[in-house]
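The analysis underlying the following values was restricted to heavy atoms, covering all of them including side chains, and did not include hydrogens, waters or symmetry mates. Not measured: the values here are computed from a predicted model.
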Amino acid sequence: MTYLVSRWSLLGATAFAFVAAGTPGLAQQTKAGKRAVSSITASVAQPEAQLTRAELENHLRFIASDELQGRKTGSPGNMVAARYIAEQFRMIGLKPAAENNSYYQSVTLQRTQATAMGVIRFGADSLTVGKQFVVVSGGAVNQTAESVYVGYGLTADDYAGKNVQGKFVITQVGSAEAKSPRDLIGAMTVKRKMAAERGALGIIELFASPATPWAFANRYFNSEQISVPTAESAGQSPMPHIWADNGKGQLAGLKDNKAVTVYTSGRAAQPVMTVNVAGIVEGTDPTLKAEYILLTAHYDHIGTAKAGTGSVTAADTIYNGARDNGMGTVGLIAAAKTLMAQPPKRSVIIVALTGEEVGLLGSRYYAEHPLIPLKQTIFNFNIDGAGYNDTSLISVIGLERTGAKAEIEQAAATFGLSVFAEPAPEQGLFDRSDNVSFAAKGVPAPTLSEGFKAFDEELMKNYHQVSDNPETIDYDYLLKFCQSYALAARLIANRATRPFWIAGDKYEAAGKALYGR
């Protein structure tokens with residue numbers, strides 16, 4: 001949603017007021033000796049032990065404040081959060097990692113609006129946009145032409161002996177192997193390429209998926225979307241691509257290669273400017289400093305909603321995102337402070353990522369445009385989560401897979417927490433956060449989450465709800481959570497050997513290719 005310039009000015013002024021008020025300066029080493037923190041003794045001089053509840057609470061109360069309006073990607077509140085993080089990095093003393101001696105890595109995205117008007121007619125049947133069909137991509141069209149059915153439309157064999165020049169291509173949705181919404185969407189690029197190369201006017205996919213209800217697809221494509229622009233979408237009038245509900249086989253007539261009339265107003269698209277925020281702690285070892293640990297957490301959330309949407313009421317319309325992912329953002333700032341106070345042997349690049357909530361877009365962009373070459377990036381330690389239902393532990397997705405289990409467990413124990421590995425395995429969480437953008441390139445990349453073992457009622461009552469605000473946070477737990485993350489990052493950066501994927505992991509081959517193992 002767009003805000004007026006005056007709104008931006010107000011938010012900017014608020015951000016700088018908080019930055020000016022500041023948090024405590026870099027931790028100074030003391031001579032107080034040592035004290036027991038848990039079963040493992042931690043030095044008082046250790047920077048992680050000197051983090052305070054008050055400073056971390058200060059960060060979170062601003063990042064998840066109402067004034068930032070839910071930090072939706074590309075919104076003024078999102079940019080204020082980015083400025084706040086950058087100014088914390090500057091105050092701490094991190095080296096700017098991005099272009100022009102800046103903390104900002106510019107990320108240009110694309111906002112696509114839902115189709116306002118549309119109808120499809122074939123024979124005696126008529127379909128209405130937003131009910132029986134959705135436009136998933138493409139510009140305006142108003143044309144009657146023949147149609148040609150090509151199966152899934154993914155291979156040359158599907159098109160063998162068929163002339164689709166100047167015609168609408170009709171396909172089955174997705175592919176024979178597609179099961180999830182991601183699979184269905186993933187097949188679209190290939191379908192458009194195959195159809196465009198053969199001169200087709202557009203594509204109509206007949207939607208019938210046992211795993212994905214039509215209501216989900218209809219709702220998803222009838223709302224605003226933010227994506228990474230492609231060469232295809234940058235054109236003036238990209239090919240119209242439509243999904244039409246065929247859950248009961250009601251569109252069998254579209255397979256008959258007869259004339260079809262397609263009218264839609266298309267999906268209007270505008271650029272969205274946002275940023276990743278990145279700073280560097282240089283390592284101390286003359287050799288190991290050329291290797292980098294990448295610390296990440298997304299700072300965006302989902303913005304606001306109208307009263308009556310889900311649990312949203314007139315009294316509270318803001319998704320503050322204190323847990324998701326305000327706590328992770330604070331964890332990055334905490335790690336930046338402690339690592340800068342006492343740099344480890346390896347270098348550390350700390351990146352607050354944009355666009356996670358709209359498809360892991362900030363991490364995808366960074367993985368394609370890394371500020372440090374990925375072959376020098378030996379580990380990614382990400383923070384993300386839906387919230388917590390157990391403050392006695394931290395949960396780590398990928399703990400058993402990515403080679404740094406001992407360091408993470410030691411760090412947690414130092415601050416009185418246990419570690420729970422691979423929570424809610426049925427959810428496939430490893431591939432649902434920013435870490436997967438780096439894992440797919442071969443970088444070992446676990447995700448630290450607030451303490452949970454299952455998606456129970458206690459966890460879900462705040463996940464993507466307006467109740468996820470600073471007033472509901474356990475700040476004693478936030479302190480231990482951030483201390484554990486920061487110390488784990490230090491221990492990993494000081495390892496004698498690099499962490500790596502366990503044998504047989506699905507990302508092991510990518511890791512071997514990346515690092516030449």
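- Y84 and F62 have tilted rings, their planes meeting at an angle from 30° to 60° on a 0 to 90° scale.
- Ion pairing between a basic and an acidic side chain is recognised when a charged N comes within 4.0 Å of a carboxylate O; D300 and R71 show no such pairing.
- For the pair Q105 (side chain) and A97 (backbone), a donor-acceptor distance under 3.5 Å is absent.
- A donor-acceptor pair shorter than 3.5 Å can be found between the side chains of T447 and N435.
- When the side-chain contact (heavy atoms from CB on, under 4.5 Å) test is applied to E471, the partners found at least two apart in sequence or on another chain are R61, N469.
- Remark: the S437 side chain and the S363 side chain contain an N/O donor-acceptor pair separated by less than 3.5 Å.
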Under the side chain to side chain donor-acceptor pair (under 3.5 Å) rule, what do E55 and T52 come out as? Steps first, then yes or no, please.
-> CA-CA 6 Å; E55 64 183 300; T52 68; 3.2 Å; yes
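- For S418, there are no side-chain hydrogen bond (donor to acceptor under 3.5 Å, both in side chains) partners two or more places apart in sequence or in a different chain.
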For residues 510-517, tabulate all N or O donor-acceptor pairs below 3.5 Å that involve a side-chain atom, not counting sequence neighbours.
residue	atom	partner	partner atom	Å
K512	NZ	E508	OE2	3.4
Y515	OH	T377	O	2.6

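- Between the side chains of R111 and Q225, not a single donor N or O lies within less than 3.5 Å of an accepting N or O.
- Considering OH of Y104 and OG1 of T354, their distance stands at 12.0 Å, rounded to 0.5 Å.
- Interatomic distance, T212 OG1 to I185 CD1, rounded to the nearest 0.5 Å: 8.5 Å.
- Remark: Y152 engages no residue in a ring pair (Phe, Tyr, Trp, His ring centres under 6.0 Å) (not counting sequence neighbours).
- Salt bridge E368/K441: present, at least one basic N to carboxylate O contact under 4.0 Å.
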Can you check side-chain contact (heavy atoms from CB on, under 4.5 Å) on Y507 and F430, steps first, answer last?
-> CA-CA 11 Å; Y507 295 113; F430 191 93; 3.7 Å; yes
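- In the model, E458 has no side-chain atom that pairs as donor or acceptor with a side-chain atom of N389 under 3.5 Å.
- Residues D390 and S392 have side chains that bring a donor and an acceptor to within less than 3.5 angstrom of each other.
- Counting only N and O atoms by type, the side chains of D468 and N320 include no donor and acceptor under 3.5 Å apart.
- Considering CG of L353 and CG of D384, their distance stands at 10.0 Å, rounded to 0.5 Å.
- Here the CG atom belonging to L295 is positioned 8.0 Å from the CG atom belonging to N380, to the nearest 0.5 angstrom.
- The two atoms that bring D456 and L459 nearest to each other are OD1-N, 2.9 Å, heavy atoms only.
- A distance of 8.0 Å separates NZ in K191 from CD in Q172, rounded to the nearest 0.5 Å.
- Applying the side-chain hydrogen bond (donor to acceptor under 3.5 Å, both in side chains) rule to K453 yields no partners; only residues at least two apart in sequence or on another chain are considered.
- Residue pairs meeting the side-chain hydrogen bond (donor to acceptor under 3.5 Å, both in side chains) criterion with at least one member in residues 280-289, sequence neighbours excluded, are K95-E282.
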How far apart are the C-alpha atoms of E357 and H464, what are their side-chain angles, what is the distance that settles it, and do they pass the side chain to side chain donor-acceptor pair (under 3.5 Å) test?
-> CA-CA 10 Å; E357 298 287 4; H464 284 195; 3.2 Å; yes
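- In this structure, R323 does not pair ionically with E450, as no charged nitrogen and carboxylate oxygen lie closer than 4.0 Å.
- Expressed to the nearest 0.5 Å, how far CD of Q88 lies from OG1 of T329 amounts to 12.0 Å.
- Judged by distance alone, the side chain of Q376 and the main-chain N or O of A290 form a donor-acceptor pair under 3.5 Å.
- Heavy atoms from other residues, nucleotides or ligands lying under 6.0 Å from CD of E99 number more than 12.
- The aromatic rings of F455 and F452 lie perpendicular to each other, with more than 60° between the two planes, well past the 30° mark.
- Side-chain contact, D324 with H298: a donor N or O sits under 3.5 Å from an acceptor N or O.
- Between Y366 and F438, the two ring planes are perpendicular [angle over 60°; tilted spans 30° to 60°].
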Is there a side chain to side chain donor-acceptor pair (under 3.5 Å) between T73 and N78 once you walk through the steps?
-> CA-CA 6 Å; T73 300; N78 179 255; 4.9 Å; no
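- Exactly one residue among Q342, R490, K337, Q483 makes a side-chain hydrogen bond (donor to acceptor under 3.5 Å, both in side chains) with E48. That residue is R490.
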